[in-house]
Protein chains: 2
Amino acid sequence: MSESDEIDRPVRSGGRKRDTSRDATILSATIDILVEVGFEKMTVDMVAARAKAGKGAMYRRWPSKAEMVLEAVARLKRNMIDLDHLPDTGSLRGDMLALFQAGSAERDERFYRAMAGLAALLAQQPEIADAGHDALIEPWIEANRILIGRAVARHEVTSGADVAVAAQVIPAMGGYRSLIQRRPFDRRFLVDLLDNVLLPALGIAASHLSADPGIGDRQ
Amino acid sequence: MSESDEIDRPVRSGGRKRDTSRDATILSATIDILVEVGFEKMTVDMVAARAKAGKGAMYRRWPSKAEMVLEAVARLKRNMIDLDHLPDTGSLRGDMLALFQAGSAERDERFYRAMAGLAALLAQQPEIADAGHDALIEPWIEANRILIGRAVARHEVTSGADVAVAAQVIPAMGGYRSLIQRRPFDRRFLVDLLDNVLLPALGIAASHLSADPGIGDRQ
DNA sequence: TAGTACCGGAACTGATTAGTATCGGCATGA
DNA sequence: TCATGCCGATACTAATCAGTTCCGGTACTA
């Protein structure tokens with residue numbers, strides 16, 4: 001998909017211009033509702049009410065609810081992790097903690113709630129689910145891949161572990177905690193994961209524990 | 001919830017007895033449909049058709065679709081991992097592979113597809129989602145906890161890793177792979193996880209690699 | 001044998017909702 | 001200035017589906 005999911009209409013010159021600023025408002029409302037109630041329970045009228053838009057304006061832009069959600073989720077991608085400005089603290093542990101800090105707990109919460117909202121579609125509407133995966137999870141894994149790759153390059157990683165698999169550990173465990181257990185993905189949990197699973201798996205000694213902030217400091 | 005989710009009815013002696021064997025048939029059909037289309041898209045008529053049952057028979061047993069699914073999922077638990085007869089091969093790696101073998105890929109597939117079917121409810125209907133978690137995932141994590149605990153007891157584990165967190169690694173990563181990536185949780189993937197993540201994280205040397213079967217043997 | 005509660009099947013009801021149509025009003029351009 | 005197409009709002013249509021009710025028939029009890 002891309003820019004021209006738009007409904008075909010005869011090219012004519014007259015008439016009021018479509019107010020493109022309504023697009024973002026409607027898509028933002030779409031994400032809000034998706035996060036709050038999930039795809040199946042989300043109704044077009046809810047989104048219209050939230051965006052203070054008429055349904056006509058919505059169906060003028062997207063041919064169906066599914067297409068609208070698809071674009072809303074795809075746009076989320078732009079607000080996610082910025083792969084061009086990843087932290088570089090000198091240690092993998094420091095980088096991972098900085099990445100979390102940069103994102104903020106609030107974004108992560110919205111993040112997982114959006115995934116939970118899309119979860120219904122995993123089996124049902126692979127297109128939308130894939131869009132959710134591409135927009136939300138893949139960039140995060142990619143960031144992990146890059147940070148771990150750097151750690152390998154500077155010989156911080158002593159095991160021959162598979163970087164691709166290692167990069168999935170934190171997102172996958174975070175998903176389990178947030179979606180299934182419904183407990184917060186907070187700093188404490190991240191530190192647990194780093195020190196008990198990821199860093200040992202990569203053969204990085206826990207000596208960082210005393211040097212860097214860990215469990216027990218500001219949440 | 002437990003045995004008496006049943007609809008209250010006046011105790012009278014006369015009449016044809018309720019055919020209790022229909023219960024299992026209906027619940028099994030419920031799981032089938034849940035697995036195939038997910039909770040939201042599953043209709044009571046689909047289940048009735050699959051079970052060759054009348055809707056009356058179903059509503060005589062459960063007051064709502066939700067209650068019926070709840071019991072269906074709860075009953076799955078009995079068919080899951082048998083915590084009293086876990087494998088004991090002498091090594092954690094062997095135990096984990098044997099646990100997978102015992103379950104069979106088919107069961108794991110049904111397992112995750114059931115979870116995917118319930119995923120819609122994670123945010124929406126916590127009761128049912130929790131039942132799914134208790135029935136499907138918690139026993140699996142518990143099995144991991146026990147097997148890792150044994151490995152600690154026989155000093156196979158050399159790191160001071162948190163057993164509770166370690167026990168979640170394989171189920172969580174399996175969920176990510178199966179629900180989000182929609183790729184099979186097969187033996188190859190399990191071996192990858194064991195050798196690249198779990199065993200190194202626990203400080204277990206990869207020397208087992210040559211002694212035990214790994215990647216490349218019968219799927 | 002009479003009465004009751006079950007069975008599968010099928011028709012029905014009421015609520016919900018995606019998508020369409022239409023309203024009065026406003027902005028644009030010919 | 002006037003036709004056109006946008007705007008939000010609201011009413012409508014057609015389909016879907018949970019839950020109810022009734023049917024003809026069967027099994028069990030008294």
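Numbers restart at 1 for each chain; the letters A, B, ... are given by sequence-line order, proteins then strands. Below, all heavy atoms of this structure are taken into account, side chains as well, without hydrogens, waters or symmetry copies.
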Between [atom2] of [N] and [atom1] of [X], the distance in whole Å:
{"X": "B:Met68", "N": "D:dC17", "atom1": "CE", "atom2": "C1'", "answer": "13 Å"}
{"X": "B:Lys65", "N": "D:dT16", "atom1": "NZ", "atom2": "C1'", "answer": "12 Å"}
{"X": "A:Arg60", "N": "D:dG5", "atom1": "CZ", "atom2": "C1'", "answer": "8 Å"}
{"X": "A:Asp45", "N": "C:dA18", "atom1": "CG", "atom2": "C1'", "answer": "9 Å"}
{"X": "B:Arg18", "N": "D:dT26", "atom1": "CZ", "atom2": "P", "answer": "21 Å"}
{"X": "B:Arg22", "N": "C:dA5", "atom1": "CZ", "atom2": "P", "answer": "21 Å"}
{"X": "B:Ile26", "N": "C:dG9", "atom1": "CD1", "atom2": "P", "answer": "12 Å"}
{"X": "A:Asp19", "N": "D:dG8", "atom1": "CG", "atom2": "P", "answer": "8 Å"}

Which one, C:dT17, C:dG8, C:dT20, comes nearest to the side chain of A:Tyr59?
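Per side-chain heavy atoms of A:Tyr59, the pick is C:dT20.
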Nearest-nucleotide pick for A:Ser64, side chain only, options being C:dG19, D:dG8, C:dT17
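Of C:dG19, D:dG8, C:dT17, C:dG19 is nearest to the side chain of A:Ser64.
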Taking only side-chain N and O atoms of B:Arg16, does any of them lie within less than 4.0 angstrom of OP1 or OP2 on C:dG3?
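Checking B:Arg16 against C:dG3: no side-chain N or O falls below 4.0 Å of OP1 or OP2.
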For a quick test of reading the model: is some side-chain N or O of B:Lys17 closer than 4.0 Å to OP1 or OP2 of C:dC6?
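So the side-chain polar atoms of B:Lys17 never come under 4.0 Å of the phosphate oxygens OP1 or OP2 of C:dC6.
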Closest nucleotide of DNA chain D for B:Gly15 versus for A:Gly54: which of these residues is on the 5' side?
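Whichever sits nearer the 5' end wins; that is A:Gly54.
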Can you tell me whether the side chain of B:Lys55 and the base of C:dG8 have a donor-acceptor pair closer than 3.5 Å?
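Under the 3.5 Å cut-off, the side chain and the base do not form any donor-acceptor pair.
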What contact category does B:Met42 fall into here, base, sugar-phosphate, or nothing, at under 4.0 angstrom with non-hydrogen atoms?
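The answer is sugar-phosphate, as B:Met42 gets under 4.0 Å only of primed atoms, P, OP1 or OP2.
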Sugar-phosphate only, base, or nothing, as touched by A:Met46 at under 4.0 Å among non-hydrogen atoms:
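Nothing, no heavy atom under 4.0 Å.
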Is the shortest heavy-atom distance from the side chain of [X] to the side chain of [Y] under 4.5 Å?
{"X": "B:Leu86", "Y": "B:Asp95", "value": "no"}
{"X": "B:Val69", "Y": "B:Trp62", "value": "no"}
{"X": "A:Ile137", "Y": "A:Ile141", "value": "yes"}

Inter-residue atom distance B:Asn196.CG - A:Gln168.CD, 0.5 Å rounding
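Result: 11.0 Å between the selected atoms.
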Verify the ring-centre separation between B:Trp140 and B:Phe185: is it less than 6.0 angstrom?
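Close enough - the centres of the two rings lie under 6.0 Å apart.
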